[in-house]
Amino acid sequence: MRIGEIAGLVGVTSRAIRHYHHIGLLPEPGRRANGYRVYTVRDAVLLARIRRLTELGLGLDEVRDVLADDAGRELADVLGELDADLARQESEIRERRRLLARLLDGPSTAEEPVSPALAELLGALPATGSPTAAKDREHLALLDTVGGGSEVFDALRPLAEDPAVLALYERLDALAAAPVAVPDDPDGVLDLVVGSQTTVTVELTRPVEFVRPLGKREWARTVRFHADDPRAAVAALTRGRTVPSPPPGPPG
């Protein structure tokens, strides 16, 4: 085979082959009387292996090390390994096409493309404009993207088919939109602990609302936090008292 023929057979460019020759990754083949290179089956197998290793993300120096470990192996062994690798790729392609066919045949959803398992779950959910339901679909789509959600989708199927799920979403939407009442005399404390210590305590003239790490909303009149320079922090807070105060929170 000439260089253009082996390049077309393996799926690389002639320029890449010349580069592999230049850096010593691919040995120079014999030449004809007219100076043209003549490649053998073993050259094609070696070149295919180089291509496969680079596709896996190995650098050319790493490819060189792998090939050095394979030196001296029988051609039949190398061909058998190459055939097994191609069979694995073929199996992966068939599986991807099977999933694609199921997606094309499945129900249409706003989250397309999704896995068949999630498509079936979304198809079982009743139509609703609930913001909470929309967030649930987004979370399910995210879980589907990272993988491993099939068991979760199967567990949620009975809930999706329960007529009471619409009433549940309505209740959750109402709770999410409900205002948070300010207690008549809130005395909560907000601790912003750094390194298991606080150095500054601030007593507020009116309560402020804050959110706990787990999402619970509360009100506080006292804020404690750590400062590397407590005096400077107190001075800054004192200067800040000249700034107009924000409007008070909602009435209790």
Exercise for review: Decide side chain to side chain contact (heavy atoms under 4.5 Å, CB included) for Arg49 and Leu53; before the verdict, give the C-alpha distance in whole Å, the side-chain angles of both, and the deciding distance to 0.1 Å.
Suggested key: CA-CA 6 Å; Arg49 187 158 178 76; Leu53 292 172; 4.1 Å; yes
What are the two closest non-hydrogen atoms of [X] and [Y], and how far apart are they?
X	Y	answer
Gly4	Ser14	CA-OG, 4.0 Å
Leu118	Leu140	CD2-O, 3.7 Å
Tyr169	Ser130	CB-OG, 3.6 Å
Leu46	Pro27	CD2-CD, 3.6 Å
Arg137	Leu122	CG-CD2, 3.9 Å

Check your understanding: Hey, mind stepping through Tyr36 and Ile3 against side chain to side chain contact (heavy atoms under 4.5 Å, CB included) and telling me if it holds?
Key -> CA-CA 8 Å; Tyr36 288 120; Ile3 190 169; over 6 Å; no
Review point. Which residues satisfy the salt bridge (charged side-chain N to carboxylate O under 4.0 Å, His left out) test with Arg171, sequence neighbours excluded?
Key: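 Residues passing salt bridge (charged side-chain N to carboxylate O under 4.0 Å, His left out) with Arg171: none at all.
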What distance separates [X] [atom1] from [Y] [atom2], expressed to the nearest 0.5 Å?
X	Y	atom1	atom2	result
Glu161	Leu156	CD	CG	11.0 Å
Leu25	Ile50	CG	CD1	4.0 Å
Leu125	Asp136	CG	CG	8.5 Å
Arg88	Ile93	CZ	CD1	10.0 Å

Short question: side chain of [X], backbone of [Y] - any donor-acceptor pair under 3.5 Å?
X	Y	value
Ser91	Ala87	no
Arg51	Val12	no
Asp43	Thr40	yes

Review point. Taking the side chain as C-beta and beyond, is there a heavy-atom pair between Val38 and Pro29 under 4.5 Å?
Key: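 Not touching, per the 4.5 Å side-chain cut-off.
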Check your understanding: Are the side chains of Leu47 and Tyr39 in touch, meaning some heavy atoms are under 4.5 Å apart?
Key ->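 Result no, sub-4.5 Å side-chain heavy-atom pair not found.
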**Study point:** Residue list, side-chain contact (heavy atoms from CB on, under 4.5 Å) with Glu28, at least two apart or on another chain
**Key:**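 Per chain and number, Glu28 pairs via side-chain contact (heavy atoms from CB on, under 4.5 Å) with His21, Arg31, Arg37.
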